[in-house]
Amino acid sequence: MKWFWCLFFAFWPIVAIALCWVSPSLGWWFPSEAASPLGRRIDDLFYMILLITSVTFVGTQVALAYALFRGASDTEPEADAKKAWYSHGSHELEVIWSIVPAFVLLFIALYQLDVWAEYRVKDAFPRDKMEAVFESINQKRSETDSLALAEVTARQFEWRIRYPGFNEDGSLKPLMADPQPTDLYAVNDLHLPASAPVMINLRTMDVQHSFFLPDLRIKQDAVPGLVIPIWFEAERQQSYQLLCAELCGWGHYKMNARFVAESDEGFIEYLRQLEREQNEDRVDEVPETDAE
Amino acid sequence: MSEASAHALEHHEPETSTGIPNKKVLMWAFLGSDCMFFGTLISTHLIYRKISATVGGNFLDIRDVFDIELTSFSTFILLASSLFMALAVSAIHKGNLSSTRWMLFGTIIFGAIFLACQVYEFTHFVHAPGNELTLSSYRGEPHVFGSTFYVLTGTHGTHVAIGVFWLVGWFVYSFTGKMSTADALDIECCGLYWHFVDIVWILIFPVVYLMEYAF
Amino acid sequence: MSSVAATEETAAHGHHPHSEDRLALLKAVPFWSTDHKVIGIQFLLTTMFMMMVGGSLALGVRWQLAFPWENMPILGYLFSGAAGGGQISPEFYTMLFTMHATVMIFLVIIPVLAGAFGNFLIPLMIGADDMAFPLLNALSYWVMWPAIFCFGASFVFNEGLWNNGLAGSIAAGPASGWTSYPALSAISSAAPGSGTAQFWWLMGVTMVGVSSMMGSVNYMTTIINMRAPGMTMMRLPVFTWMTLIVSFLIILAFPAITIALVELMFDRTYGTNFYDFLEGGKPHLWQHLFWIFGHPEVYILILPAMGIVSEIIPVFSRKPLFGYGLIVFSGAIIGFMGFAVWSHHMFTTGMGIVATSAFSILTMLIAIPTGIKIFNWIGTMWGGRIRFETPMLFALGFITMFMVGGFTGIMHSSVPIDAQHQDSYFVVAHFHYVLIGGALFGLFAGFYFWLPKLTGKMLNEKLGKFVFTLMFIGFNVTFFPMHYLGMIGQPRRTHSYNEGHGFETWNQIATIGAFILGVGILIGVYQFVTAFFNKKLKDAGKNPWDARTLEWTLSSPVKEYNFARTPIIKSRDQAWENNYGPKENHSDKVPLDDHGVHMPDRSWYPLVSGLGFLGLVLGLLFHQSVDANTGEILRDYTYAIAGGSIAIFGIIMWSLEGPAGYHLFPKETEE
């Protein structure tokens, strides 16, 4: 019976590790390869920690299983049984298994700061690249204008997006803090240029929500009263999931939206489309009447 | 009942591992927990006081509301009450029941004066013409200062009121003829509580009132 | 019964009982007992019942997630709310996960680890006859019931009841999650459960906090002050140390959430602006205050379980605990550092650079003392003679499962990775691994280990092993796939999900696992509860496991007075040393005293005070109404004043009762 239990405890960790090994190929892993350079760095960080912890887990479980195997004792009669090895502890071992994990953890802790700083610290925002985007979409702006291309406002239970409108000469206006008459609106449909860092301003109308782009590994809580800038870079021109990741009420589950990364032309075309719909006077659609 | 207290004298306090009576350890543990209560409230106040300095671009000065002379007076009163409390504890240890009784009375009176000042202060602040400070507004504009101020000082005032109530209980008990040195431990615990409440006020007074005049 | 026997014996010795009690018979009912063992049993039975409630709520969650767009059989029509149709409504679902967490954390794990185990074991482990404050002990139990009442009432007495009847009221239960973030919990209209139900919830948590704090100051005083002669701090069993550390955590952490709750209640009732962003408040403040409590809270949940495991592993390896001093020290470090890591729950909220980096680093470092414990446990088993009885199986399961949970914790202590994990099923997997795989397995290990001491009967070993197997398999089948679900991107607290994301399979597998786990837990609880009545179980005797600590020198079940003569302790693991150690390590006993053993009297004033506080609280809750015609707010404090007066009356009468008590005179050989 003792062997059963030794094997039992050894078995499950092996199954767990094996499952983790095969899961990427079976699709039980990240929703997709990270679609942004920063996302890939975050994934690498995850893999590194996964590797370190797996090695530690396997090592510890092997030690545990070994101790169990050697000590399993219920088949021997009490009188002949080998006595347990008496030990109160070992200072050397204690020092080793305190210092080594401390070093490993400190290494992880400090290494990850770099990745984090890049996407969260304001001074580390890739201003130059963002400004290059403004150039290529022909946005007329000054130094102090917001770096954001859209304002995303979360509310129970949808995402409302406000884009800047166009100037007379066809160039794009910068996004203002206050809503402007020329602003363009959409619901649950965020479009931004791809292959370059872009920024949005996140707000909420009522309770806390959270802006979550799983494919890009971006998440930021929307807090009432605050306007929070978020930047990200979508490499692939496709439609991505946008989810709400903070309980906001009964409809939290249905706050799904999409984020479409377009080419620069596609982005401008999308905004033009919104503008057309907004300015449409629908005169053609009015049914004919008898009145002249 | 008198049989019980006679027996109580026979029942020496059980031996404790530290030598400190259980009730005292309990009171200290409770006071440690109470520190966290006040610490949380004071932190909340500190967080909000600078943030709530301006509303709508207008600078709002709490000093227009505070009556620092009154509050200084009541602070002194509370500190003096601690002196009476210490004297009461000392008296009961010596078995001087009459002295205990009147020192307790002094503590009660001074504690009550402190509470009366606080009640006056609160009603005065809420109705101060042109400078109304309520739980949710200041001069009619929505504001946080009133929330943190009233809840923090109100919690402290509630603690003082509970202490006064406890002391009144002892004062009444002292007339029943059953008070003796056996009660010294309990009165000492009451004293610990009272001194704690006093020390918290020594912290609150600078942090809430005096800081507004300095930073 | 024993108070009657005591009267006879004391009369024979010429003493009389201190309180002339005409109602002695009523007081003989164990209901009003102040004996720590009886109070421990009261906590045990109450928490086991609440575990059934919390577990049923969880099964509701799992069912909904396995078949998100289908009708629930039988019970579906009850829970579908106004929409009808037999499907769980989203409102009902938000209530389900909120109350599952609330019940499990506040009404099961804390009371059972501290209230049941702590109460039962601490005096026995340190050589005391009872807790320092038996009446306070009883009160800490009775204050649980107002809390249970408040949580139960949140399901019933809310807007849903008045609009839609009982089905509607259940759907309008508290729905802001157990974390209850404003503005969702502050604005009554933000969610169906944010109205009266949320208020009941807030009161319930406050009451639980009061109960826990009362218990904790008692444990602290007892452990510090009432140890038998020779029982130095470093001879204490690890479980006692962990309970001491946890008591510190409770009395320092619960004030933070109590203040946060008071501020939220003031916001809702009196219009203060603590969390109201439109008026200058900051919703973030709640998160900070909540997690300043919340993080030490999770260490409160796990440290006693670690203590239990630290007791069990040496017994079933027949070796002393490896590195006793360091296990105790690391427990203290975990408790202390637990106050320094709270904002790792807030990495995605946009705190500044310094704060986020600091909390991330500290969170990683807290893994070190945890690792030390695990290595020391393995060191204990190394070279030992291992017996695979049920307590040991659960302890081994603890080690394995807690490691997995700990490692996923390290993963999301890294801030960029947390951006992916936060509020996804990955986090759900993590905390269930440490809470079920850790705390619950530790709890069950403790039950199988110590119930023989409590009841005098050995639990059925075969059934116990079966329970373990079911629980282990069920648990892993339920929660391991959640790691994958989290990585794919399923957010938590969602009532359903769209097709095409690939969530269905794993959700269904997890639900099957959940039911297996539920069956295992059910059988286990059946074993625990029937152990008190089942005549067919074997007698336990004094020390059925050949265990090491002081309580195993006593008979099973333990006599009312615990120790006939106070022991004089000569070493750690006193029971083991008495059986196997050299003569100089054997414990002595204090000479038999004419005075006998002093037992505290029973009293119902703790209960009266508790009920008075409940009345006060309800009175404050419902003190205002709105005049239908003028819209004016009317405030009426009559009930609050009445309740408060009863509470004060109870306290006054309690303090006038005097030391009282009675004596028992066990014979010299009786133990």
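First the proteins, then the strands, lettered A, B, ... as listed; each starts at 1.
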Taking all non-hydrogen atoms of both residues into account, name the closest pair between [X] and [Y] and its distance.
{"X": "Thr349(C)", "Y": "Ile228(A)", "answer": "O-CD1, 4.4 Å"}
{"X": "Cys20(A)", "Y": "Phe480(C)", "answer": "SG-CZ, 4.0 Å"}
{"X": "Gln112(A)", "Y": "Pro416(C)", "answer": "OE1-CD, 3.2 Å"}
{"X": "Ser496(C)", "Y": "Tyr253(A)", "answer": "OG-CD1, 3.2 Å"}
{"X": "Ile386(C)", "Y": "Ala67(A)", "answer": "CG1-O, 4.1 Å"}
{"X": "Thr348(C)", "Y": "Lys219(A)", "answer": "CG2-CD, 3.9 Å"}

Between [options], which has the largest tally of heavy atom pairs under 4.5 Å with chain C?
{"options": "Pro214(A), Pro224(A), Gly225(A)", "answer": "Pro224(A)"}
{"options": "Val115(A), Leu226(A), Leu45(A), Asn256(A)", "answer": "Leu45(A)"}
{"options": "Val207(A), Leu247(A), Thr204(A)", "answer": "Leu247(A)"}
{"options": "Gly251(A), Pro101(A), Ala245(A)", "answer": "Ala245(A)"}
{"options": "Ser210(A), Ala63(A), Cys244(A)", "answer": "Ala63(A)"}
{"options": "Leu113(A), Ile42(A), Ile52(A)", "answer": "Ile42(A)"}

Given that the side chain runs from C-beta out, which part of [X] has a heavy atom under 4.5 Å from chain A: side chain, backbone, both or neither?
{"X": "Ser317(C)", "answer": "backbone"}
{"X": "Trp506(C)", "answer": "side chain"}
{"X": "Phe503(C)", "answer": "neither"}
{"X": "Ser414(C)", "answer": "both"}

Query raised in the report: Do the rings of Phe322(C) and Trp97(A) sit parallel, tilted or perpendicular, given the 30° and 60° boundaries?
Result: tilted
Query raised in the report: Do the ring planes of Phe46(A) and His421(C) sit parallel (below 30°), tilted (30 to 60°) or perpendicular (above 60°)?
Result: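 Ring orientation of Phe46(A) relative to His421(C): perpendicular.
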How far does [atom1] of [X] sit from [atom2] of [Y], to the nearest 0.5 angstrom?
{"X": "Ile49(A)", "Y": "Thr408(C)", "atom1": "CD1", "atom2": "OG1", "answer": "11.5 Å"}
{"X": "Glu246(A)", "Y": "Tyr181(C)", "atom1": "CD", "atom2": "OH", "answer": "5.5 Å"}
{"X": "Ile361(C)", "Y": "Leu110(A)", "atom1": "CD1", "atom2": "CG", "answer": "5.0 Å"}
{"X": "Ile378(C)", "Y": "Leu68(A)", "atom1": "CD1", "atom2": "CG", "answer": "9.0 Å"}
{"X": "Gln420(C)", "Y": "Leu213(A)", "atom1": "CD", "atom2": "CG", "answer": "9.5 Å"}

Query raised in the report: Yes or no on ring pair (Phe, Tyr, Trp, His ring centres under 6.0 Å) for Phe8(A) and Phe468(C), after CA distance, side-chain angles and deciding distance?
Result: CA-CA 12 Å; Phe8(A) 185 89; Phe468(C) 168 74; 5.8 Å; yes
Contacting region of [X] [heavy-atom separation from chain C under 4.5 Å]:
{"X": "Phe57(A)", "result": "both"}
{"X": "Gln156(A)", "result": "side chain"}
{"X": "Ser90(A)", "result": "both"}
{"X": "Ala222(A)", "result": "neither"}
{"X": "Tyr111(A)", "result": "neither"}
{"X": "Leu93(A)", "result": "side chain"}
{"X": "Leu38(A)", "result": "neither"}
{"X": "Asp43(A)", "result": "neither"}

Taking every non-hydrogen pair under 4.5 Å, which of [options] racks up the most with chain A?
{"options": "Gly489(C), Pro283(C), Gly281(C)", "value": "Pro283(C)"}
{"options": "Gly371(C), Gly379(C), Gly486(C), Ser357(C)", "value": "Ser357(C)"}
{"options": "Leu365(C), Ile372(C), Leu393(C), Ile187(C)", "value": "Leu393(C)"}
{"options": "Gly406(C), Pro320(C), Gly352(C)", "value": "Pro320(C)"}
{"options": "Met346(C), Met411(C), Glu91(C)", "value": "Met411(C)"}
{"options": "Thr494(C), Val415(C), Asn476(C), Val404(C)", "value": "Val415(C)"}

Query raised in the report: Under 3.5 Å, is there a donor-acceptor pair between the side chain of Gln208(A) and the main chain of Leu184(C)?
Result: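 No; judged by distance alone, with no hydrogens or angles, the pair does not exist.
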Requested in this report: Take Phe375(C) and Ile96(A), measure what side-chain contact (heavy atoms from CB on, under 4.5 Å) needs, and give me the verdict at the end.
Outcome: CA-CA 11 Å; Phe375(C) 298 139; Ile96(A) 293 175; over 6 Å; no
Query raised in the report: Are Asn376(C) and Glu94(A) linked by a side-chain donor-acceptor pair shorter than 3.5 Å?
Result: yes
Query - Evaluation steps, side-chain contact (heavy atoms from CB on, under 4.5 Å), between Gln422(C) and Phe212(A) - result: CA-CA 10 Å; Gln422(C) 165 74 1; Phe212(A) 181 34; over 6 Å; no
Query - Enclosure of Tyr47(A) OH (heavy-atom neighbours >12, cutoff 6.0 Å) - result: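 Yes - once you tally the heavy atoms of other residues, nucleotides and ligands closer than 6.0 Å, there are more than 12.
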**Report entry** pair Trp250(A)-His495(C): side-chain heavy atoms closer than 4.5 Å
**Finding:**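 No, every pair of side-chain atoms sits at 4.5 Å or beyond.
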